[in-house]
Participant: 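Encoded as structure tokens, here's the structure I'll be asking about.
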Protein chains: 2
Amino acid sequence: MSQYEHTCLIRGDGGRTIRAVLDRICDKWTLLIVTTLDQGRLRFGDLHRQTPGISQRMLTLTLRNLERDGLVSRTVYAEVPPRVEYELTPMGRSLIAPALALGRWAMDHIDEIEASRAAYGERAG
Amino acid sequence: MSQYEHTCLIRGDGGRTIRAVLDRICDKWTLLIVTTLDQGRLRFGDLHRQTPGISQRMLTLTLRNLERDGLVSRTVYAEVPPRVEYELTPMGRSLIAPALALGRWAMDHIDEIEASRAAYGERAG
DNA sequence: CCGCATCCACCACGATACTG
DNA sequence: CAGTATCGTGGTGGATGCGG
């Protein structure tokens with residue numbers, strides 16, 4: 001049975017709605033940071049260490065965008081040295097399930113995708 | 001109750017696995033084309049018309065990548081004028097559910113996100 | 001009708017250095 | 001510790017024109 005009924009809801013406007021959101025969460029780091037924050041409140045440095053390859057700059061930008069979009073809350077403590085903690089908002093937590101669904105799919109199919117890529121590369125270069 | 005158990009699976013390698021897949025399906029058009037193809041077999045022109053804003057070039061590139069990754073099959077008919085049809089493979093169809101989960105989340109939260117953005121813009125410029 | 005080739009603009013991203 | 005500032009680059013993606 002096709003799921004076209006559901007896709008119609010999403011594609012009703014030619015995909016603009018889903019695109020508006022995808023444009024925001026489908027950058028290089030956002031979904032990764034969101035799933036990391038499922039652990040709970042984390043400091044900037046914790047996020048940095050738990051996200052190999054991210055630069056300070058990109059972590060800052062990603063967190064700012066998440067805060068701006070209402071997915072993450074930012075708490076600054078007036079201490080020395082400074083302490084800043086990030087936590088998912090309720091809306092942020094609601095993104096965890098779909099993000100994990102995509103993540104599980106990724107885990108389940110990465111090998112098949114790689115194999116297909118390799119085979120395609122041999123055929124067509 | 002936290003879903004951290006599941007995120008651990010995904011983030012076990014620092015997110016490299018999920019990132020490897022996200023890098024491929026989180027471009028500007030891929031998820032949109034996949035959900036559109038849930039309708040069944042579609043011609044190039046159909047896809048073009050049903051995806052407002054996409055250029056011929058990007059549609060071609062997106063479809064090539066999907067074919068290369070084994071998510072879409074491409075059938076060329078030896079006719080004049082030419083006819084080419086695209087269809088999801090079994091793996092492609094398996095992506096529909098997670099894609100729709102994300103799509104539904106997008107639909108449900110776009111207003112809240114926009115509101116948060118507007119409020120943030122007023123506070124901080 | 002399908003889609004490739006070419007050219008080009010933009011910006012996402014990274015590296016590095018500096019600051020409260 | 002948690003950023004900000006600046007610069008440089010590659011790649012994504014849009015416009016246009018051609019070709020089978």
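Throughout, a chain's letter reflects where its sequence line sits, starting with A, and its residues are numbered from 1.
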Participant: Starting at the 5' end of DNA chain C, which residue's closest nucleotide do you reach first, Arg64(B) or Arg49(B)?
Facilitator: Arg49(B)
Participant: Check whether any side-chain nitrogen or oxygen of Tyr86(A) sits under 4.0 Å from OP1 or OP2 of dC1(D), and answer yes or no.
Facilitator: no
Participant: Taking CG from Asn65(B) and P from dG3(C), how many angstroms apart are they, rounded to a whole number?
Facilitator: 14 Å
Participant: Hey, is the main chain of Glu112(A) close enough, under 3.5 Å, to the side chain of Ser116(A) for a donor-acceptor pair?
Facilitator: no
Participant: With side-chain contact (heavy atoms from CB on, under 4.5 Å) as the criterion, how do Thr30(B) and Asn65(B) come out once you've worked through the C-alpha distance, each side chain's angles and the decisive distance to 0.1 Å?
Facilitator: CA-CA 9 Å; Thr30(B) 295; Asn65(B) 286 332; 5.9 Å; no
Participant: Rounded to the Å, how far apart are Leu47(B) CG and dC1(C) P?
Facilitator: 15 Å
Participant: What protein N or O atoms touch nucleotides 12-19 of chain D N or O atoms at under 3.5 angstrom, if any, and at what distances?
Facilitator:
residue: dG13(D); atom: OP1; partner: Lys28(B); partner atom: N; Å: 3.2
residue: dG13(D); atom: N7; partner: Arg57(B); partner atom: NH2; Å: 2.6
residue: dG14(D); atom: OP1; partner: Lys28(B); partner atom: NZ; Å: 2.8
residue: dG14(D); atom: N7; partner: Arg57(B); partner atom: NE; Å: 3.3
residue: dG14(D); atom: O6; partner: Arg57(B); partner atom: NE; Å: 3.1

Participant: Enumerate the residue pairs fulfilling ring-ring contact (aromatic ring centres under 6.0 Å, His included) with a member in residues 67-105 of chain A, sequence neighbours excluded, ordered by first and then second residue.
Facilitator: Trp105(A)-His109(A)
Participant: Please state whether the phosphate of dG3(C), meaning OP1 or OP2, lies under 4.0 angstrom from any side-chain nitrogen or oxygen of Arg74(B).
Facilitator: yes
Participant: Quick check: does any side chain N or O of Arg41(B) sit under 3.5 Å from a backbone N or O of Glu87(B), one acting as donor and the other as acceptor?
Facilitator: no
Participant: Once you round it to whole Å, what is the distance between C1' of dG20(D) and CD of Glu79(B)?
Facilitator: 15 Å
Participant: Contact class for Tyr77(A) (heavy atom, under 4.0 Å): base, sugar-phosphate, or nothing?
Facilitator: nothing
Participant: Closer than 3.5 angstrom, by distance alone: can the side chain of Thr51(B) be matched with the main-chain N or O of His48(B) as a donor-acceptor pair?
Facilitator: no
Participant: Donor-acceptor pair, Gln39(A) side chain versus Thr36(A) backbone, under 3.5 Å?
Facilitator: yes
Participant: How close or far is atom C1' of dC11(C) from atom CZ of Arg24(A), stated in whole angstroms?
Facilitator: 16 Å
Participant: Rounded to whole Å, how long is the line connecting atom CD of Glu85(A) with atom P of dA2(D)?
Facilitator: 9 Å
Participant: Between Leu59(B) (CG) and dA5(C) (P), how many Å, whole number?
Facilitator: 16 Å
